[in-house]
Amino acid sequence: VQLQASGGGLVQAGGSLRLSCAASGSIFSINAMGWYRQAPGKQRELVAAITSGGSTNYADSVKGRFTISRDNAKNTVYLQMNSLKPEDTAVYYCNADGAVVAGTSLSALDAWGQGTQVTVSS
């Protein structure tokens with residue numbers, strides 16, 4: 001299974017970016033999909049997550065500014081980031097958990113994308 005993230009870039013404070021992450025491979029089901037970020041010298045932290053049923057969870061620092069959504073048919077998760085701040089600068093990683101087809105059985109899925117850089121200038 002591969003997760004391909006895209007959409008990062010350089011933006012001025014107050015601007016917007018939209019991240020996308022598509023999962024591909026022998027996927028049986030995906031439960032939760034999420035976005036994490038890691039700034040230089042800091043630990044990776046959860047930004048937002050969404051279940052297959054559409055329930056969402058956000059870090060307090062992004063509530064009201066970021067919106068996570070997903071297209072279950074495309075195994076794709078999105079992160080719309082508005083009103084960006086310099087402190088949002090980080091490498092953003094997508095994650096998916098669920099199950100994959102492994103021969104005649106299922107195996108647990110916990111996959112990470114390659115990371116996409118988001119830089120917000122002041």
Side-chain angles (χ1 to χ4, degrees):
V1 175
Q2 290 187 331
L3 268 61
Q4 183 67 45
S6 62
L10 173 64
V11 65
Q12 289 188 330
S16 299
L17 285 173
R18 187 185 193 223
L19 306 183
S20 299
C21 177
S24 61
S26 301
I27 298 169
F28 179 79
S29 64
I30 297 179
N31 299 325
M33 301 186 80
W35 288 96
Y36 293 71
R37 67 186 180 188
Q38 188 167 19
K42 295 187 177 181
Q43 289 188 331
R44 189 174 297 188
E45 62 175 358
L46 174 67
V47 176
I50 185 168
T51 67
S52 57
S55 296
T56 58
N57 181 40
Y58 294 93
D60 288 343
S61 60
V62 306
K63 284 180 180 177
R65 300 188 297 123
F66 291 9
T67 302
I68 190 170
S69 61
R70 65 188 278 179
D71 184 331
N72 290 331
K74 296 181 179 179
N75 290 328
T76 300
V77 63
Y78 306 96
L79 185 68
Q80 178 66 44
M81 304 184 293
N82 299 327
S83 303
L84 282 160
K85 304 176 180 180
E87 51 264 43
D88 294 318
T89 295
V91 178
Y92 284 69
Y93 299 90
C94 57
N95 173 265
D97 75 76
V100 296
V101 177
T104 58
S105 61
L106 300 179
S107 181
L109 165 68
D110 184 10
W112 290 90
Q114 82 281 13
T116 183
Q117 177 71 46
V118 172
T119 303
V120 185
S121 63
S122 57

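- Pairs engaging residues 1-11 under the side-chain hydrogen bond (donor to acceptor under 3.5 Å, both in side chains) rule: none recorded [sequence neighbours left out].
- Pairs of residues two or more places apart, or lying in two chains, that qualify as ring-ring contact (aromatic ring centres under 6.0 Å, His included) and include a residue from residues 86-122 are Y36-W112.
- Among residues at least two apart or in separate chains, there is no salt bridge (charged side-chain N to carboxylate O under 4.0 Å, His left out) pair with a member in residues 93-103.
- Judged as a disulfide bond (SG atoms under 2.5 Å apart), not a single pair has a partner in residues 40-69 (not counting sequence neighbours).
- Proximity of T51 to N31: side-chain heavy atoms (C-beta onward) are nowhere separated by under 4.5 Å.
- Annotation: side-chain hydrogen bond (donor to acceptor under 3.5 Å, both in side chains) contacts of S69 (sequence neighbours excluded): none.
- In this structure, T89 contributes its side chain and V120 its backbone to a donor-acceptor pair below 3.5 Å.
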Donor-acceptor contacts, no H, no angles, side chain residues 8-27, under 3.5 Å, sequence neighbours left out:
| from | atom 1 | to | atom 2 | distance (Å) |
| --- | --- | --- | --- | --- |
| S16 | OG | N82 | OD1 | 2.9 |

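- Taking Q114 as the reference, nothing meets the side-chain hydrogen bond (donor to acceptor under 3.5 Å, both in side chains) condition, with sequence neighbours excluded.
- Screening residues 51-64 for salt bridge (charged side-chain N to carboxylate O under 4.0 Å, His left out), with sequence neighbours left out, gives D60-K63.
- Judged as a salt bridge (charged side-chain N to carboxylate O under 4.0 Å, His left out), the pairs with a partner in residues 39-55 (not counting sequence neighbours) are, in order, R37-E45.
- For residues 55-82, no residue pair satisfies the ring-ring contact (aromatic ring centres under 6.0 Å, His included) rule, not counting sequence neighbours.
- Among residues at least two apart or in separate chains, salt bridge (charged side-chain N to carboxylate O under 4.0 Å, His left out) pairs with a member in residues 65-85 are R65-D88.
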Could you tabulate the donor-acceptor pairs under 3.5 Å formed by side-chain atoms of residues 99-106, not counting sequence neighbours?
| from | atom 1 | to | atom 2 | distance (Å) |
| --- | --- | --- | --- | --- |
| S105 | OG | A102 | O | 3.2 |

